[in-house]
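Here is the structure we will look at.
Here the structure is a predicted model, which is why all the values come from computation and not from measurement.
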Amino acid sequence: QVQLVESGGGLVQAGGSLRLSCVVTGRTFSSYAMGWFRQAPGKEREFVAAISWSGSSTDYADSVKGRFTISRDNAKNTVYLQMDSLKPEDTAVYYCAALYGQGPSRISREYDYWGQGAQVTVSS
C-alpha cells in the first residue's frame, strides 16, 4: 500500500513563501509521477503542478506558473512544492498525489494515491 504524507503547510502573509513536502512510502517512488492539487472552501479540487517520474518534465496551472516550483528527490522518496509570492487566493488545502506511470498529468482521476492534505492560508 502506498502512503503519502504532506507537511509544511501553515499561515503566511501575502507575498511570502512556503514549501510543501510529501513523503511517499510503500512502493518504488521513481515509478510514479507526482502531482499537487488544491481545494479551497466551496470550490472543486484543482490542478496545481505535476512532475514526471524522472523529474525531467513538469507542468503548472496558469495561476501558479512563475510563482510555484515542483521538484522531487527520488533518493528521499519526496516531492516538493515551493510556493513563492503567495496570494490570498492561494489559500486552500493542498494534496499531493501519485500516478503509476511516467506523467506528468493534470487529470486528478488518473492518480492512484492521495495524501491527507495540508492547509495553506495566505493572509492579505
Side-chain angles (χ1 to χ4, degrees):
Q1 182 71 8
V2 177
Q3 291 187 322
L4 288 72
V5 179
E6 299 104 332
S7 61
L11 173 64
V12 64
Q13 290 188 334
S17 297
L18 283 174
R19 188 176 81 157
L20 299 179
S21 300
C22 175
V23 178
V24 181
T25 60
R27 287 290 188 272
T28 304
F29 180 64
S30 58
S31 296
Y32 290 83
M34 299 297 298
W36 288 96
F37 294 78
R38 67 186 182 187
Q39 187 166 20
K43 295 188 176 181
E44 293 187 353
R45 185 168 54 190
E46 65 175 359
F47 168 75
V48 176
I51 189 166
S52 63
W53 59 12
S54 67
S56 60
S57 297
T58 58
D59 188 19
Y60 295 92
D62 287 346
S63 59
V64 307
K65 197 173 294 183
R67 300 188 298 121
F68 290 12
T69 303
I70 188 170
S71 62
R72 65 189 295 160
D73 185 338
N74 284 355
K76 295 183 178 180
N77 288 7
T78 303
V79 62
Y80 304 98
L81 186 67
Q82 177 67 41
M83 303 183 292
D84 299 317
S85 302
L86 282 160
K87 305 175 181 180
E89 50 264 44
D90 294 318
T91 295
V93 177
Y94 283 71
Y95 298 91
C96 71
L99 180 161
Y100 185 72
Q102 183 175 355
S105 172
R106 294 181 166 222
I107 303 172
S108 61
R109 64 177 180 272
E110 292 185 349
Y111 285 80
D112 302 295
Y113 302 98
W114 292 81
Q116 83 287 353
Q119 177 68 49
V120 171
T121 303
V122 185
S123 63
S124 57

Has Glu46 got more than 12 heavy atoms of other residues, nucleotides or ligands less than 6.0 Å from its CD?
yes

Checking Arg72 against Phe29: charged group under 6.0 Å from the ring centre and within 45 degrees of the axis?
yes

Got a donor-acceptor contact below 3.5 angstrom from the Ser52 side chain to the Ser57 backbone?
yes

What's the separation between atom OG in Ser105 and atom OH in Tyr111, rounded to the nearest 0.5 Å?
5.0 Å

Is it possible for you to say whether Val48 and Leu86 belong to one hydrophobic cluster, with membership spreading through side-chain heavy-atom contacts below 4.5 Å?
yes

Side chains of Trp36 and Val79 in contact at under 4.5 Å (non-hydrogen atoms)
yes

Distance (rounded to the nearest 0.5 Å) between Ile70 CD1 and Met34 CE:
7.5 Å

d(Tyr95 OH, Phe37 CZ) to nearest 0.5 Å is 12.5 Å

Could you walk me through whether Ser56 and Ser54 satisfy the side chain to side chain donor-acceptor pair (under 3.5 Å) test, starting with their C-alpha distance in whole Å, then the side-chain angles of each, then the deciding distance to 0.1 Å, before giving a yes or no?
CA-CA 5 Å; Ser56 60; Ser54 67; 2.8 Å; yes

Got more than 12 heavy atoms from elsewhere within 6.0 Å of OH, Tyr113?
yes

Lys65/Asp62 ion pair, N-O < 4.0 Å
yes

Side-chain contact test, heavy atoms from C-beta onward, threshold under 4.5 Å: evaluate it for Ile51 versus Pro104 and give yes or no.
no

With rounding to the nearest 0.5 angstrom, report the OG to CD distance, Ser123 to Gln13.
5.0 Å

May I ask you to decide if Arg19's main-chain N or O and Gln82's side chain share a donor-acceptor pair within less than 3.5 Å?
no

Kindly indicate whether the side chain of Asp90, heavy atoms from C-beta on, has any atom under 4.5 Å from the side chain of Arg67.
yes

We want to know whether Asp73 and Thr78 form a side-chain donor-acceptor pair, criterion being a heavy-atom distance below 3.5 angstrom.
no

What about Leu20 and Val122, same hydrophobic cluster or not, with Ile/Leu/Val/Met/Phe/Trp/Tyr joined at side-chain heavy-atom distances under 4.5 Å?
yes

Say you draw a straight line from CZ of Phe68 to CG of Leu81; how long is it, rounded to the nearest 0.5 Å?
6.0 Å

For Trp114, is the NZ or CZ atom of Arg45 found under 6.0 angstrom from the centre of its six-membered ring and inside 45 degrees of the ring axis?
yes

Might you point out which heavy atoms bring Leu18 and Gly8 nearest each other, and give the distance in Å?
CD2-O, 3.9 Å

